[in-house]
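A quick write-up on the structure given underneath.
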Protein chains: 2
Amino acid sequence: MVDAGAFLTALDASDYRMTAPRRAVAALVADQTGHFSSADLVEQARARRLGVGRATIFRTLDVLTALDLVERIDLPTGEHAYVACEPRHHHHVVCSRCGRSQDIDDAGLRAVVRGIARRTGFRVDDHRLELFGLCQACQALPPEATL
Amino acid sequence: MVDAGAFLTALDASDYRMTAPRRAVAALVADQTGHFSSADLVEQARARRLGVGRATIFRTLDVLTALDLVERIDLPTGEHAYVACEPRHHHHVVCSRCGRSQDIDDAGLRAVVRGIARRTGFRVDDHRLELFGLCQACQALPPEATL
DNA sequence: GTTTTTGCAAACCATTTGCAGGGTC
DNA sequence: GACCCTGCAAATGGTTTGCAAAAAC
């Protein structure tokens, strides 16, 4: 769950045009509690009768991704998903049960990457770290609890 | 490029049946120098007239993945790809130019993950680190060199 | 002989694209 | 007013599935 205002501010500051469909999708994204798929948004948009089409949802997700307001992640299952996030942070811990994600800071990763580069001889341009597990709240739940 | 024998040994030791199509796909995978897509295999299988169908290639990739002989990775572009790898190693540096990948050891990552778990309160069950850049050989090439 | 695996073609799913109309700057 | 954005529907590309025949154990 993210403040929808941040999306609007960022959209406004960008070269993209501020349109009703984009506002609608941004609000939808802000409402998501955990990671979500494009299909989730399409379905919710239809349920709420927002009148935005599939294509626009995909296109808006691209825009939000370009603005670093949303990041596309790959779940352990291989499915694609998105998470809303703060610009500048680029790694997440994702809860396998509730889907909630949390941004994480560098935490020494930078040094690890540097070490790997040195040892392999690669020039490392980009890296992605994704963590999966159970968030605190979900750990506290009885093992069989379903969402 | 990986020893094809390792695939056969692992297949043999598993509960999966050893069949000609699986041997063929395993050999194909062993021949790949870098990461490869399912489409690559399909095309090569057809070029070599191996007589294995699309479906079997996908199914065999699943088998090899289950045996940890192959790992599915997600390129920065969002495309899916596979890399042959040693069981037990689960991180790679992938060259963006030639596609070659190299397994990397823990390199302090374990400690980073532990730190993140402590700080976020998550119980981290799984993690994935993927590095992208240029391998030594490709760095040495003139910038405009094409594959 | 039973169970797994295969190839084929069709089905499926997520994502992209072409285009004419409408909205934004 | 020029250019960007939208919805729609059709196209696309990758992956899965149903099924009867073939192969492995």
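So you know, we letter chains A, B, ... as the sequences are listed, proteins then strands, and number each from 1.
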Using whole Å, report how far [atom1] of [X] lies from [atom2] of [N].
X      : N       : atom1 : atom2 : value
Y82(B) : dG14(D) : OH    : P     : 12 Å
L11(B) : dC25(D) : CG    : C1'   : 15 Å
F58(B) : dG14(D) : CZ    : P     : 8 Å
H80(A) : dG14(D) : NE2   : P     : 12 Å
D15(A) : dC4(D)  : CG    : P     : 11 Å
D62(A) : dA14(C) : CG    : C1'   : 13 Å

Connected via hydrophobic side-chain network under 4.5 Å: F36(A) and V42(A):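 Yes; tracing contacts between hydrophobic side chains, which count when under 4.5 Å, links both residues.
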All N/O pairs under 3.5 Å across the protein-nucleotides 23-25 of chain C interface:
unit_1  : atom_1 : unit_2 : atom_2 : d
dG23(C) : N2     : R17(A) : NH1    : 2.9
dT24(C) : O2     : R17(A) : NH1    : 2.9
dC25(C) : OP1    : M18(A) : N      : 3.3

Name all residues meeting the side chain to side chain donor-acceptor pair (under 3.5 Å) criterion together with [X]; count only those two or more places apart in sequence or in a different chain, and write none if there are none.
X       : result
E43(B)  : none
Q139(B) : none
Q44(B)  : Q32(B)

Expected output is a numbered-order residue list: members of residues 35-57 of chain B with a heavy atom under 4.0 Å from any atom of DNA chain D. What is it?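 Heavy-atom cutoff 4.0 Å gives S38(B), R54(B), A55(B).
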Starting from the first five and the last five pairs of the helix from dG1(C)-dC25(D) to dC25(C)-dG1(D), work out the angle between the resulting helix axes, to 10 degrees.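 That helix gives 40° between its end axes.
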For nucleotides 19-22 of chain D, list the nitrogen or oxygen atoms of the protein found under 3.5 Å from its nitrogen or oxygen atoms, one pair per line.
none

Looking at R22(A), does any N or O in its side chain come under 4.0 Å of the phosphate oxygens OP1/OP2 on dT6(D)?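 Indeed, a polar side-chain atom of R22(A) lies that close.
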Enumerate the side-chain hydrogen bond (donor to acceptor under 3.5 Å, both in side chains) contacts for residues 47-69 of chain B, please, sequence neighbours excluded, ordered by first and then second residue.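 side-chain hydrogen bond (donor to acceptor under 3.5 Å, both in side chains) check on residues 47-69 of chain B returns D31(B)-R48(B).
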Summary of side-chain hydrogen bond (donor to acceptor under 3.5 Å, both in side chains) pairs that have at least one residue in residues 112-124 of chain B, sequence neighbours excluded: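 Residue pairs with at least one partner in residues 112-124 of chain B: D105(A)-R119(B), R123(B)-D125(B).
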Is the shortest heavy-atom distance from the side chain of T77(B) to the side chain of F132(B) under 4.5 Å?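 Contact flag for T77(B)/F132(B) side chains = no.
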Of V93(B), T33(B), V94(B), which meets side-chain contact (heavy atoms from CB on, under 4.5 Å) against S101(B)?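 So, applying the side-chain contact (heavy atoms from CB on, under 4.5 Å) to S101(B) and each of V93(B), T33(B), V94(B), only V94(B) qualifies.
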Name of the residue among L61(B), I73(B), D40(B), L64(B) meeting side-chain contact (heavy atoms from CB on, under 4.5 Å) with Y82(B):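 Per the side-chain contact (heavy atoms from CB on, under 4.5 Å) rule, the option paired with Y82(B) is L61(B), out of L61(B), I73(B), D40(B), L64(B).
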Residues in salt bridge (charged side-chain N to carboxylate O under 4.0 Å, His left out) with D74(A), at least two apart?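 Expected list: R128(A).
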R110(A): salt bridge (charged side-chain N to carboxylate O under 4.0 Å, His left out) partners, not counting sequence neighbours: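 For R110(A) the salt bridge (charged side-chain N to carboxylate O under 4.0 Å, His left out) partners, ignoring immediate neighbours, are D106(A).
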Nearest-0.5 Å distance that lies between atom CD1 in I104(A) and atom SG in C85(A):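 The CD1 atom of I104(A) sits 11.5 Å away from the SG atom of C85(A).
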Without placing hydrogens or testing angles, list every side-chain donor-acceptor pair under 3.5 Å for residues 6-18 of chain A, not counting sequence neighbours.
unit_1 : atom_1 : unit_2 : atom_2 : d
T9(A)  : OG1    : G5(A)  : O      : 2.8
S14(A) : OG     : L11(A) : O      : 2.6
S14(A) : OG     : Y16(A) : N      : 3.1

